[in-house]
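Here is the structure we will look at, set down as structure tokens.
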Amino acid sequence: MQMATGQGERRAAATLTYCTNVHAGETLAQVERSLDEFVVPVARRFVGDASFPVGLFVSAATASELAQPDRCARFADFLAQRRLTIATFNCFPFGGFHRERVKRDVYRPSWLESARVDFTLQAARVAATLVPAGSVVPISTLAGACKLDGNGPEVHRAIASNLALVAAGLARLFEETGREVVLCLEPEPFTTIETSAEAVAFFSGPLASAATRASYVAAGGASSAASEALRRHLGLCYDCCHQAVEFEAPELALGLLAAAGVRIGKMQLSSALVARSDGTADQQLSALRRFVEPRWLHQSFVREANGRVAPYLDLDEGITAFAGASVGAELRVHYHVPIDRAQVDGLLTTRGEWIQALRISRRLGLTDCFEVETYTLPTLPGCPSPADVVDALTSELDAARRILATT
């Protein structure tokens, strides 16, 4: 859905969508089935007969299929017949995102590996084929690698070098097609970039270095255009849940990114789980245990009453730490829960923070692409039915639309 603000200076219309990584879709046939089963019903309820912009999850397997011109043309017809358009791609997971167990595999291959480069360029070419000339298409991706697999200056330089290869390819794509693809690194706990300060340091350091510009030139980019192309085609996907889990205040985080000139290609509207150590700690611990599940990582952060924050790779570790925390401690969990709800299964959410982030983003003109991302709906306690998922997604989009209407 696109909507203009109509307030203050004239700004670009905001695009509002949701990410289809909530639906299993490893192959193109599976993607098409999920579009018919879920996206079309949501779209018709949300925008009626108007076209609906899709935040499409694209795996490496799907990108490979769509790289075949005939198959891509058929998919374009498939979308047009259902009044669906492409707003953005999510290429963070390489594949297998709905396996029974994913956990740290979601970070593989990382930006240290050529497979990630090849996949991303292929997906970008597909995106450019599916949108009109003059379009800007954000593609979200892993923010480097998992820190537990290695971190430090050499890792950062290698990641920046591979990103420069993609930037060179995206610059050529822009010259050839008039479609501007922006690769958006998505900060997430335990990855190379997880905080806004780390994002600023990476974009102003390794990504802006002479060595990275040299990699861009070696990939066929013009030396005189290297710095501009890196800024144009490499940006950030600001995920509200991820930054809330890190206890980042939206005003400070987004202000820091804006001051540093880091391009925000899209904002993912998402909420985290919250538990607070007070008189209901036992009930909260019981509720938290219902969210422990084997598929995805749920990185958890405990902030003690004295302000010290301790990170934990998964929810079971976070629960143990929270159980022994002092009164006044708070636990935040990377578990995307419905953004329209202030409480879920007896626990609080960070709903207020995505609302604040969206409003700040509109006020500062940081991005026009907003994507609801509650991919964990299938694993919520109670296991929602397909009809429940359609209801939930529509309700989330309605909640975001109401907030956009006031910005």
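As a basis for the values below, the full set of heavy atoms in this structure was taken, side chains included, without hydrogen atoms, waters or symmetry mates.
In this model, a donor atom of one side chain and an acceptor atom of the other lie less than 3.5 Å apart for Trp111 and Thr141. Glu188 and Gln299 form a side-chain donor-acceptor contact under 3.5 Å, judged by distance and modelled atom types alone. Defined by atom type and a distance below 3.5 Å, a donor-acceptor pair is missing between the side-chain atoms of Thr88 and Glu371.
Two residues are said to be in side-chain contact when any heavy atoms from C-beta on lie closer than 4.5 Å; Ile264 and Leu254 meet this criterion.
The ring-ring contact (aromatic ring centres under 6.0 Å, His included) test applied to Tyr18 returns His23, not counting sequence neighbours. Partners of Asp340 under the salt bridge (charged side-chain N to carboxylate O under 4.0 Å, His left out) rule, at least two apart in sequence or in another chain, do not exist in this structure. Residues that satisfy the salt bridge (charged side-chain N to carboxylate O under 4.0 Å, His left out) test with Asp388, not counting sequence neighbours, are absent from this structure. Partners of Arg295 under the salt bridge (charged side-chain N to carboxylate O under 4.0 Å, His left out) rule, at least two apart in sequence or in another chain, do not exist in this structure. Contacts of Glu228 classified as salt bridge (charged side-chain N to carboxylate O under 4.0 Å, His left out), with partners at least two apart in sequence or in another chain: Arg232. In this view, Tyr335 and Phe291, His298 satisfy the ring-ring contact (aromatic ring centres under 6.0 Å, His included) rule, not counting sequence neighbours.
No close placement of the Phe247 and Phe301 rings is indicated, their centers lying 6.0 Å or farther apart. Two rings, from His98 and Trp296, have their centers less than 6.0 Å apart.
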